[in-house]
Amino acid sequence: MSNATDIRQSGGTAGSVDHTDTSLAVSRTIPVPPTDTLYRAALTFCLDGADVMMYATLKGAENAESLWHALAQSHPSQPSEICGPALSRIDRMFVDGLTRWGRKASANAMRSFRNALACWHNRMMDLPSQDIIQLADWFTMDGTQWIIGPGHPCWPSQLADLSIRSDWAPPLCLWIKGDPRALTSCAKPVGIVGSRDVTEYGRYVAHTVAEQAAVAGHLVVSGGAMGTDAAAHWGALNALHGRMPANVGKTVAVFAGGLNHIGPMRNRTLFERIEAQGGALISELCPGTIPEARRFLLRNRIIAAMSSTLIVTQARLRSGALNTAGWACELLREVYAVPGDINQPCNAGCNKMIGDHRAMILCAATSTEDICHERHKPVMAACPGISKSTGQDSSENEEAMEVPATTPLSPASSESSASQESSQDSGHSKRSKTKHTQPTRTQSKDGPASATADSGNDKSKGEELPSSHQMPDLRVKPKPDPEKEAQQRIIIAKLPEMERTLVALIRECRKRHLIVTPDALLRVARETVPDEIPNIGTILELLGALELKGVIERDAGILKLSSRVG
């Protein structure tokens, strides 16, 4: 089975591109998920996002497998003598689950459940096989993605707060690229969020706070987007510069779609570095699920739940970062906001949170001691399928070898960070590629071996660990490669019609000397193509699709076409 297998989920955007990327695949052997986890993945395939109905039903079932069989038997295509009793069983599961969850099964709840059940039945028929065990390779993209459930040692237990302190459902399972141990490497992770159109001030704070948190061994959680998210992830990655890997915290990026739709593409290098340095890319959705706008709001609840402390570095009054902060407040997390110039709209959201006493003020970016727990080494728990010799477990004397931290390093912009990769690092990546024999799976495609695996292999051979000066500085800007840029040209004519229309609107705004914002695009659309683009929701959805494909970029809130557009 090819790694490019398209695991589709209903609700996808027409014309979307499957960014299946074998080069990001982990090089070590990924074991076949346990039976219960596979059935949780199958149940997730039936959903269109977080679903409290499914969570309640699973809570009342013996396990995921029994719920799946009840779903299959209650399908309308089954004979009445099979369908009828199965419907009664699944109704009982839902009622019992609600009771265990501390809720009552009202008539309205039962009607909502039956509507949800009909949707599950429709979606489950899209699976290529009803034999879930035989779909292990299909669900894991030929063994390139981990799937873990609540029983896995790397499962973040704090996700349970979504059902305990909130009325929302935790993920049924998680898909992971990278090292799953990163998810539990810190008892109290630090979440860092903010606007995509972040200024240099907000970018500096996000980068510096993340770097200081990672230096102290803490896990940094963010969303992998442009702007603040990218600055935070790069800050955590840059903490490794001059330090031993076993002492530096990891970073985890949470995505709103399947892991073969991670984006934006400008952050490709960032995602590769997260994996290579022992971090993880995670999603609660099956591969192939399109990251639609509504799914980003649900993704935010996972960032908030995983974080013990959430820091909002810069946000407008209407911002996805404030949505994440709202989740964090509901989950009783510690929320900090960075104050800013009251004359700048990009600071209004943070200033209002502080003024409304919904967030504490962050007084300094160069130290996290006052807002985080004590400094520690990342806790790399035992994980089935990851050998200690290939992990980041190192000798006890590594702490003595650590190079003292210097003055906090100034961050690079997210635009330059997304494309940083020195020629020295490229050579190192080629040398660190490894191959493993996998009797039951397709071998991984020469992806970049993680720095941790390389360290473990060197130690097992009795060789000396690489000295700190060999670690490439992630802030180095690469030399332009005209040949590579030519290969990455984006042809507008190949885009779907609606996306081509939005590109034309962006160009029209430029002709009129208008600042290109969603509101400006909507005004021009109402004048020129009112029937094709009727509202701001359509504008935002198309902008999200174009940004994922690298067609557009954001610069301080202003939209512009990428230089790669042909």
Side-chain angles (χ1 to χ4, degrees), residues 1-27 30-34 37-51 54 64 68 123-129 131-149 152 171-180 183 223-224 252-265 267-268 271-272 274-275 280-292 295-296 298-299 302 385 438 441-445 447 544-545 548-549:
M1 182 180 296
S2 169
N3 281 338
T5 302
D6 187 11
I7 301 182
R8 304 184 186 278
Q9 177 141 341
S10 300
T13 302
S16 61
V17 177
D18 185 359
H19 298 299
T20 302
D21 188 359
T22 57
S23 68
L24 297 184
V26 292
S27 58
I30 295 180
V32 176
T37 303
L38 283 175
Y39 278 101
R40 283 176 172 268
L43 293 173
T44 301
F45 182 87
C46 297
L47 308 180
D48 192 32
D51 192 327
M54 179 65 81
W68 177 264
R123 292 172 183 271
M124 71 187 300
M125 301 310 294
D126 290 334
L127 283 169
S129 171
D131 187 345
I132 304 305
I133 304 302
Q134 297 300 318
L135 293 178
D137 283 335
W138 197 74
F139 276 122
T140 62
M141 298 300 289
D142 288 340
T144 63
Q145 297 181 18
W146 294 80
I147 311 178
I148 66 172
H152 195 278
L172 299 185
C173 59
L174 290 175
W175 277 262
I176 303 172
K177 296 188 75 173
D179 194 335
L183 277 64
V252 168
V254 187
F255 293 92
L259 292 184
N260 57 335
H261 283 283
I262 58 176
M265 292 304 290
N267 281 353
R268 175 189 176 89
F271 304 146
E272 291 175 344
I274 290 175
E275 286 194 68
L281 316 176
I282 72 171
S283 174
E284 66 171 325
L285 299 168
C286 294
T289 306
I290 305 298
E292 295 176 325
R295 292 190 171 120
F296 284 91
L298 292 174
R299 180 277 309 269
I302 297 180
Q438 301 178 6
R441 289 201 184 279
T442 304
Q443 292 186 3
S444 299
K445 303 285 186 183
L548 282 172
K549 296 176 183 179

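These numbers were taken from a predicted model, which means no experiment stands behind them. Any value given below was found using the heavy atoms of this structure, including those in side chains, with hydrogens, waters and symmetry copies removed.
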Please assess L285 against R299 for the test side-chain contact (heavy atoms from CB on, under 4.5 Å), listing each intermediate value before the final yes or no.
CA-CA 10 Å; L285 299 168; R299 180 277 309 269; over 6 Å; no
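The heavy-atom pair separating A280 from D179 by the smallest distance is CB-O, 3.7 Å. Contact record, C46 with W68: SG-CZ3, 3.6 Å, taken as the closest heavy-atom pair. For the pair I132 and A42, the tightest heavy-atom approach, listed with the atom from each and the gap, is CD1-CB, 3.7 Å. Considering all non-hydrogen atoms of both residues, I30 and G143 come closest at CD1-O, 3.2 Å. Residues C286 and A41 come closest through the heavy atom pair SG-O, 3.8 Å. Heavy-atom minimum distance, S283 versus G257: OG-O, 2.7 Å.
Side chain of R295 to backbone of G49: no donor-acceptor contact under 3.5 angstrom is found.
One finds the OG1 atom of T44 at 8.0 Å from the CD atom of E284 (value rounded to the nearest 0.5 Å). Interatomic distance, CD1 of I176 versus OG1 of T144, reported as 12.5 Å (0.5 Å rounding). Atom CG of N260 and atom CE of M141 lie 4.5 Å apart (nearest 0.5 Å). Summarising the geometry, atom OG1 belonging to T289 is positioned 10.0 Å from atom CG belonging to L47; distances are rounded to the nearest 0.5 Å. Rounding to the nearest 0.5 Å gives a distance of 7.0 Å between CG of L259 and NZ of K177.
The side chain to side chain contact (heavy atoms under 4.5 Å, CB included) search around A253 returns H233, F255, I274, L281, not counting sequence neighbours. Qualifying side chain to side chain contact (heavy atoms under 4.5 Å, CB included) partners for P291, counting only residues two or more places apart in sequence or in other chains: A256, H261, F296, L548. Applying the side chain to side chain contact (heavy atoms under 4.5 Å, CB included) criterion to L298, with sequence neighbours excluded, gives A50, W168, R301.
Between W146 and H152, the ring-plane angle classifies as perpendicular under the 30° and 60° cut-offs.
Using a 4.5 Å heavy-atom cutoff, the side chains of L135 and L38 are not in contact. Between R40 and I147 the shortest side-chain heavy-atom distance does not fall below 4.5 Å. The closest side-chain heavy-atom distance from P128 to W138 is below 4.5 Å. A 4.5 Å side-chain heavy-atom check between L127 and F139 finds at least one atom pair inside the cut-off. Between T140 and W175 there is no side-chain heavy-atom pair separated by less than 4.5 Å.
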